[in-house]
Amino acid sequence: MLRTSVSRCFQATNTALRSFSSGKDNLPVTRSHEAKKIDVNDILETKSPKVPVNVSSDETMDIGGVPSAHQEARTARIFRPAREATQSPWGNTKLWRIELDNRQRWENPLMGWSGTADPLSNVSMDLKFATKEDAIAFCEKNRWEFDIEEPHERQIKPKNYGQNFAWNRRTRIGTK
Amino acid sequence: MNASDVVQRQLKEDWDNREFEQVIADNIKSIANFLSSFELSCRSKLATLGDKINLLERKVEFLEAIAKTTAHAVRTVAPIKSNNSKEARIAVLEAYKEFQRLTPKFWWDFGLHDMPLGVFRAVIKKQFTKNAHLTDVRVVDRLVGETHQHMKSIRYAFYNPDHVRNYLFAENIEPKPKDFLSKFLNGKE
Amino acid sequence: MQRIVRGVATKAQQQRQLSAAANAPKKVEVFIDGKKILVDPGMTILQACALVGVDIPRFCYHDRLSIAGNCRMCLVEVEKSVKPVASCAMPVMNGMKVKTNSDFVRKAREGVMEFMLNNHPLDCPICDQGGECDLQDQAVAFGSDRGRLQSRLDGKRAVEDKDIGPLVKTVMTRCIQCTRCVRFANEVAAFPDFGTTGRGQDLQIGTYVEKFFASEMSGNIIDICPVGALTSKQYAFVARPWETRKTESVDVLDATGSNIVLTHRTGELLRVIPKINDDINEEWIGDQSRFAVDGLKVQRLLTPMIRGADGQLKPASWEEALFTVAAKLRETSAEQKAAVVGGLNDVESLVALKDLFNRFNSENVMTEEEFPETSGGSDIRANYIFNDGIANVENADAILLVGTNPRFEAPTLNARIRKSFLYSDVQIGVIGSESELNYDYDYLGASAKAIDDVLSGKGEFAKTFANAKQPLIIVGAQALKGEAGAAILGKLQQLADKLSAGKNVQVLNVLQRWAGQTGALDVGYKAGTAALRKTPVKFLYLLGADEGKVNKSNLDPQAFIVYQGHHGDAGAQIADVIFPGAAYTEKDGTYVNTEGRSQRGYPAVSPPGEARVDWKIIRAVSEVAGKSLPYNDLKEIRQRLNEIAPHLARYRDIEPSPFIKQALQLAQTSGSIDVDVSPALRELADYYQTNVISRNSRSMAQAKKAALENKENPYAEAPIHARL
């Protein structure tokens with residue numbers, strides 16, 4: 001049902017080529033002794049002055065060609081993740097992360113996979129920021145509202161081995 | 001005979017008058033009914049409008065607060081392609097005209113001729129006018145470039161007819177509910 | 001819009017900072033990898049390194065437990081020492097130079113790791129801890145690439161699995177004998193039956209004789225164990241950590257508002273683990289909070305239901321249900337309407353319901369849980385919240401518990417009381433039931449008359465209490481019921497006033513039992529369903545009210561009852577229309593804990609079936625009934641919350657409560673307080689199924705059964721509370 005127009009385009013270009021290579025000269029001829037020096041500015045078309053454009057912090061959404069499904073106004077939560085309770089290291093808690101509001105996931109009727117209508121559901125997965133301000137700038141760029149959670153800093157309370165053997169305190173360990 | 005004619009005529013006139021009066025009275029009653037129901041509906045509509053105005057006022061305050069506090073870092077750049085909005089406008093109009101010249105071929109080749117060509121031209125026009133609010137010259141330039149790419153793709157038949165239909169009529173396929181109650185009854189978001 | 005959620009220093013932190021600054025000992029200077037820092041002299045090298053940002057690998061050391069020093073993974077090189085030094089146990093000394101990454105240290109770590117892996121089974125593919133295993137991570141980071149074990153010739157040791165109950169799965173072959181679980185059981189959970197048997201390679205960890213791990217904090221040993229020896233039976237073989245998503249939220253199964261992390265995958269909630277919050281729950285959560293989430297998949301209300309003419313509930317569509325309810329709402333007059341809310345609701349739905357009722361000129365909104373109306377009732381905030389803050393329990397000198405069993409009502413608070421008991425000389429007195437708490441206490445009697453004795457100074461404990469520098473009274477919300485409750489509150493406020501003179505503690509703290517109670521009282525609900533019985537009610541709206549406080553006999557015979565909640569329990573049984581709502585893991589809600597701290601819970605999954613978020617249901621009812629509430633999305637209803645009470649939007653902060661003197665003036669101090677204030681939860685079997693979610697949970701039912709059977713176990717002795 002679809003008729004291609006490629007051949008027609010090709011025909012059009014061919015005719016142009018043909019006219020160029022013909023012997024007939026429709027082109028103006030200038031001999032070098034008749035050449036006159038012309039100023040460059042006379043040949044160039046007058047350029048209209050550039051009107052400066054105001055750039056706002058969320059220009060990427062308009063200029064960048066972000067698809068409309070991604071341009072919904074969401075709410076983001078900027079935080080530093082908590083330490084995994086099941087492990088002791090604190091390495092993953094240093095960078096800031098963004099979490100968007102969780103949208104619905106349902107079972108796809110074909111294969112039973114997890115489907116969602118949310119194109120931004122995986123944004124929080126690997127997006128990490130060095131500072132809170134970077135995360136805030138990202139949210140502003142994407143036109144998301146955000147809540148910032150101040151991180152709970154790790155509290156290190158001094159402990160010593162001797163309190164296991166204190167004779168008069170309840171921290172004495174009687175068993176192993 | 002004359003007297004009975006006259007009487008008949010008078011009777012007829014009388015009946016006509018009565019009928020006329022009846023009709024007028026009915027009309028007056030219907031007007032009165034309409035006015036009272038109109039008053040009731042107006043009152044309820046005014047109440048809902050009042051609520052809406054409250055909401056909007058609150059939103060406006062909120063937006064004013066945002067506009068005052070958040071400092072959108074304003075810097076200025078020189079546009080790349082079109083130097084000012086006049087040139088951008090010329091580019092847009094050129095692209096539009098070229099697209100409309102392409103439209104009959106587009107319409108026929110992609111199997112969209114279940115609608116009249118005029119309607120299809122209006123649909124294409126809508127794709128242009130839905131961006132009428134843009135003022136940033138760079139965005140307009142990008143969209144014009146996109147249009148040229150679309151035209152090239154159409155000429156080279158890169159698109160599939162079903163995808164074209166989906167893209168052009170996306171809003172009509174499943175109009176998303178806008179007000180609270182429809183969104184609530186429709187789903188969880 | 002940005003809203004900065006402040007975690008401003010609580011009173012406890014401020015106090016600690018002040019006291020720290022006042023008597024700060026001279027700091028010692030320590031050089032760690034060339035970096036010089038100044039630390040307090042009581043610290044260990046490992047802690048000093050943590051201050052600099054150097055995380056030394058360890059298995060047996062844990063921030064909240066005592067130091068054991070038996071894994072030897074934390075060995076570091078200290079300049080003048082020939083042997084490597086266990087940094088978790090060695091205190092810092094002036095001028096110490098520590099190297100945490102030299103060749104010597106690396107060789108030591110590789111050696112330790114090799115020994116640990118020598119007897120460790122090759123269970124990674126079938127072990128639940130894979131992916132979140134300390135042993136795996138440290139073997140990769142600090143171990144050598146090859147081992148020298150000839151397993152065909154020497155073999156590996158194996159240990160039998162121990163049965164410690166239906167909640168914790170044990171595969172003791174994987175145990176690396178770090179003894180974290182033993183120290184936890186002994187120190188935090190007060191279950192001294194968990195220990196080690198044998199020595200050397202034959203060391204086995206367990207209860208020696210098969211016993212149920214009879215503690216309400218037993219689930220925390222799953223988090224503590226660095227390997228897969230102790231894992232969750234509910235979560236066995238379910239998922240790997242890298243395929244799950246984590247959502248931080250707040251627990252509502254008790255009133256402390258412990259912070260939790262919901263682990264979910266593809267729209268299904270898998271497990272709940274605690275999140276560190278030093279002000280509330282430190283690193284622990286109770287067993288109910290952890291394991292009762294499987295009750296969220298069972299007995300859920302999935303569609304709106306309407307009771308037909310034959311008396312049976314039939315599924316209906318949302319439109320039908322909304323219209324039915326809206327019509328009835330408009331028909332009944334204001335005095336014949338009432339709303340009763342349960343204890344698991346978020347503040348947004350409470351505000352929406354109250355707004356709805358107010359639009360229909362009714363103020364008849366009440367909570368199931370009672371609270372007296374004297375002393376200003378729920379108008380004065382200091383009357384019903386935990387005024388001093390949970391973190392301040394650590395600094396207490398003397399604690400008086402009245403009518404409460406914090407062990408089962410708020411296990412994380414009890415853990416803090418136990419912590420205070422271990423680390424200081426706190427004296428604890430209990431008025432209520434003589435049940436096993438995790439600490440030694442003076443039992444002052446079951447009747448509230450004992451408060452009079454404490455007031456007048458009669459008895460040993462009363463004298464200690466009067467002389468304490470930071471006394472604390474914790475009264476359970478259950479004890480403050482009825483006439484006697486008002487008198488008890490008055491007497492306690494008198495006592496608190498006498499004791500708080502000149503000290504910076506409020507002394508009197510109320511421990512609520514329900515997560516939604518403080519929020520409801522903050523927003524303006526009346527406490528207690530007594531008002532229902534005064535006038536016949538024709539329209540009753542139950543919001544998650546499942547404790548059976550309202551029967552059909554209390555209402556007009558033709559009453560129309562609407563139930564909105566997430567499980568089909570007592571409330572849904574008597575209802576004429578059912579609205580399916582969302583549970584706490586499925587909605588974005590604000591919860592106010594018993595300290596008055598407002599916290600935000602985030603949804604991990606969406607409500608099942610046709611269920612919707614609670615406040616949206618109420619908003620839809622209002623629209624269909626003709627009086628739309630003025631908010632359409634979460635932001636707007638949060639603005640409404642902010643209008644009512646600004647602290648509801650200031651998350652994670654405690655507001656100090658004023659008007660304590662005025663409350664005392666309004667207090668009723670006459671009246672007999674000779675009532676039995678024994679709390680309802682006395683033994684472990686009572687703990688497991690106290691709210692609608694845990695009643696429907698299979699793991700909780702199994703745990704309750706195990707706890708009941710444990711009472712007949714001949715080897716289960718009465719535990720030793722104190723260690724001195």
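A, B, ... follow the sequence lines: proteins, then strands. Residue 1 opens every chain.
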Interface moiety of [X] toward chain A, non-hydrogen atoms closer than 4.5 Å:
{"X": "C:Val426", "result": "both"}
{"X": "C:Ser424", "result": "backbone"}
{"X": "C:Arg199", "result": "neither"}
{"X": "C:Pro274", "result": "both"}
{"X": "C:Ile260", "result": "neither"}
{"X": "C:Tyr423", "result": "both"}
{"X": "C:Cys88", "result": "neither"}
{"X": "C:Tyr61", "result": "side chain"}
{"X": "C:Ala48", "result": "neither"}
{"X": "C:Thr266", "result": "both"}
{"X": "C:Glu268", "result": "neither"}
{"X": "C:Asn259", "result": "neither"}

A:Ser88 and C:Asp134: side chain donor to acceptor below 3.5 Å
yes

Ignoring hydrogens and angles, state whether a donor on the side chain of A:Asn122 or C:Arg245 is under 3.5 Å from an acceptor on the partner side chain.
yes

Shorter than 4.5 Å, heavy atoms on both sides: which option in C:Asp63, C:Ile273, C:Leu51 has the most such pairs with chain A?
C:Asp63

Evaluate the side-chain proximity of [Y] to [X]: yes if any heavy-atom separation is below 4.5 Å, no if none is.
{"X": "A:His152", "Y": "C:Asn277", "value": "yes"}
{"X": "A:Ile156", "Y": "C:Met43", "value": "yes"}
{"X": "C:Met90", "Y": "A:Tyr161", "value": "no"}
{"X": "C:Lys246", "Y": "A:Glu84", "value": "yes"}
{"X": "C:Glu283", "Y": "A:Arg83", "value": "yes"}
{"X": "A:Arg77", "Y": "C:Glu248", "value": "yes"}
{"X": "A:Ile173", "Y": "C:Asn186", "value": "no"}

If you count heavy-atom pairs under 4.5 Å between each of [options] and chain C, which one has the most?
{"options": "A:Ile78, A:Thr86, A:Asn160", "value": "A:Thr86"}
{"options": "A:Pro158, A:Ser114, A:Ala82, A:Ala76", "value": "A:Pro158"}
{"options": "A:Gln87, A:Arg105, A:Arg154, A:Lys94", "value": "A:Gln87"}

Residue A:Glu99 versus chain C: region with a heavy atom under 4.5 Å:
side chain

Side chain, backbone, both or neither: which part of A:Glu107 has a non-hydrogen atom closer than 4.5 Å to chain C?
neither

Scanning both residues in full, the closest heavy-atom pair of A:Trp90 with C:Asp55 reads N-OD2, 3.3 Å

In this structure, CD of A:Glu149 is separated from OH of C:Tyr651 (nearest 0.5 Å) by 10.0 Å

Any carboxylate oxygen within less than 4.0 angstrom of a Lys/Arg side-chain nitrogen, looking at A:Glu150 and C:Arg652?
no

